[in-house]
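Report on one structure; see the data block that follows.
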Protein chains: 2
Amino acid sequence: MSGSFATSVHLASTAEQEAYLHLQQALRIGRYKPGDRLIPEEIASEIGMSRMPVREAFRRLAADGLVTLRPNRGCVVAGLTLDEIHEIFEIRSVLEGLAVRLATPKMTTEIFEELERLLDRMERAGKSGSNDWVLRHQEFHAIIFNLSERPKLIRQITALHVAIEPYMRIWFDYVNKPLSAREEHQTLIDALRSGDPSHAETVMQEHIIATPNLLADYASPRR
Amino acid sequence: MSGSFATSVHLASTAEQEAYLHLQQALRIGRYKPGDRLIPEEIASEIGMSRMPVREAFRRLAADGLVTLRPNRGCVVAGLTLDEIHEIFEIRSVLEGLAVRLATPKMTTEIFEELERLLDRMERAGKSGSNDWVLRHQEFHAIIFNLSERPKLIRQITALHVAIEPYMRIWFDYVNKPLSAREEHQTLIDALRSGDPSHAETVMQEHIIATPNLLADYASPRR
DNA sequence: GGTTGGATAATTGGATACAAAAATCCAGCA
DNA sequence: TGCTGGATTTTTGTATCCAATTATCCAACC
């Protein structure tokens, strides 16, 4: 709710940043479908600027893996193939595994309480059919990996979460994930409570790698 | 030796690509030092183009973590603090660990021979004091992680190698690494020969994480 | 009827020009 | 002598313009 407003207020930032956030948001919620061409002029006039900052935003989106950029061929929404989705989950598993290993000694009672609260919110969002479930789920993971206090690690994991977000939304529509999610994430909390970093790492890796097999329904038309 | 030529021949590609490769190369060999400001006009006239493609190249370099970009403040070479170097090695350890886990079943006699040959070349480059040692070392790792056949994983690992390359060069000047490198990498080969993916993963993780502690001499002035 | 080739239109890439922001410098003041 | 404030200079960000590349469409030919 803050996002759509911020763009018009020009509060903090440059046009390029605005274009980047605008497009990232649009891609995250799946407004554009994989394979769609992003026409600079369209987007530029939509946000009220020229093509130039939009072009630069494209570069950043490409670096995030959200779009594909080919010389003289424009900008295309980067649909992920099943293999690519699987790969992202593989990478996430070791990255978030590392993060949770580093986070384990830093857990406090307050943070455990926060995680439990989020689990409740996830469940509620899931039952109401709200798409917020995906965001709550991301938040749950973010609380943990943010504790690692490794900026680059956090940035990379976050980028992966953003890249798979539209697929998570679709997945949420297909299978009713939230039902099994509760106990799965409870297992994660239990592993963290054990205080054993290696154990927590293993559990996180298994938790993440278990997911993509269930995503098999949604493949992208092209890249 | 092909690099300096390709830029003048305009063989394949756009100006932005040229600027990107030019700057990446310059940053890899340490031509610019951490904290240096990169002035678009300077670089533009140097390669013979306008500021625009250079600006876009900056974006890509920033995504790679090679430079830092702040609004209205220009482009600064991203010096890595010791903490950041350590973090990159941590990330490398799990990423290349995953890669070697996937690569282990794909090893062939030919590839083992290639690795052994590279080990020889590394040693020779090390003894002659040539900076090529860093490149040979990267190649050694690349042969292994390329076998994983995971494009995104490979891309990420490669980006990390590029980011730490100047530090590896300096490190190579300080401590005479190549002496101990031979047996360290031989251990890696042995682990791969064992055929046990988990074991190879563990050995790779330990191999990588052992490195940054020795890099403690070179800290960057600022970020 | 299907395919190839060329002319035309649309789109992208790059250069220049202009506006806005930041850094610098210098004068005035305490 | 050191600090503050404002004008100037420098640098960055955005828009517009032009060139180059690619896509489209239609006609001629096989």
Side-chain angles (χ1 to χ4, degrees), chain A residues 6-24 26-27 32-64 66-79 221-223, chain B residues 6-24 26-27 32-63 66-78 221-223:
Chain A
T7 55
S8 58
V9 174
H10 275 269
L11 230 170
S13 190
T14 64
E16 188 240 318
Q17 178 76 359
E18 191 183 323
Y20 173 71
L21 293 175
H22 177 92
L23 287 171
Q24 190 191 52
L27 290 166
Y32 301 111
K33 295 280 170 282
D36 282 1
R37 265 184 80 180
L38 295 181
I39 292 127
E41 294 196 320
E42 258 180 34
I43 294 150
S45 70
E46 191 177 310
I47 331 182
M49 63 182 66
S50 82
R51 285 167 30 200
M52 192 72 62
V54 176
R55 277 181 49 173
E56 293 178 346
F58 283 170
R59 254 74 186 180
R60 285 171 65 183
L61 295 168
D64 295 342
L66 296 180
V67 301
T68 303
L69 232 46
R70 284 190 307 173
N72 295 314
R73 296 254 182 121
C75 181
V76 172
V77 178
R222 62 185 144 263
R223 40 179 326 197
Chain B
T7 55
S8 58
V9 175
H10 274 271
L11 230 171
S13 189
T14 63
E16 187 240 319
Q17 179 75 2
E18 193 183 320
Y20 173 72
L21 292 175
H22 177 93
L23 287 170
Q24 191 192 50
L27 290 166
Y32 302 112
K33 295 278 170 285
D36 283 0
R37 268 185 74 184
L38 295 181
I39 292 126
E41 294 198 319
E42 257 180 36
I43 293 150
S45 69
E46 191 178 310
I47 332 183
M49 63 181 69
S50 80
R51 287 167 29 203
M52 272 260 305
V54 176
R55 271 180 60 115
E56 293 178 347
F58 283 171
R59 255 73 186 179
R60 285 172 64 183
L61 294 167
L66 298 178
V67 300
T68 304
L69 233 46
R70 285 190 306 174
N72 294 317
R73 295 253 183 123
C75 181
V76 172
V77 178
R222 63 185 144 263
R223 41 179 325 200

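Labels below follow one simple rule: chain letters A, B, ... track the order of the sequence lines, proteins then strands, and each chain is numbered from 1.
- Arg60(B) is linked by a side chain to side chain donor-acceptor pair (under 3.5 Å) to Glu16(B), Gln17(B), counting only residues two or more places apart in sequence or in another chain.
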Problem set entry | Stepwise side chain to side chain contact (heavy atoms under 4.5 Å, CB included) check, Gln24(A) with Leu61(A) | CA-CA 7 Å; Gln24(A) 190 191 52; Leu61(A) 295 168; 4.3 Å; yes

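- A distance of 10.0 Å separates CG of Leu27(A) from CG of Asp64(A), quoted to the nearest 0.5 Å.
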For this session: Sugar-phosphate atoms are those with a prime plus P, OP1 and OP2; base atoms are the rest. Using that split, label each nucleotide of nucleotides 9-20 of chain C B, S or - for protein heavy atoms under 4.0 Å, 5' to 3'.
Result: --SBBBBB----

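- When DNA chain D is scanned in the 5' to 3' direction for atoms under 4.0 Å from non-hydrogen atoms of chain A, the outermost contacting nucleotides are dT14(D) to dA23(D).
- For Ser45(B), there are no side chain to side chain contact (heavy atoms under 4.5 Å, CB included) partners, not counting sequence neighbours.
- With sequence neighbours left out, Glu46(B) forms a salt bridge (charged side-chain N to carboxylate O under 4.0 Å, His left out) with Arg31(B).
- In this structure, the side chain to side chain contact (heavy atoms under 4.5 Å, CB included) partners of Ala62(A), at least two apart in sequence or on a different chain, are Val67(A), Leu69(A).
- When every heavy atom of Lys33(A) is checked against every heavy atom of Val77(A), the shortest pair comes out as O-CB, 3.5 Å.
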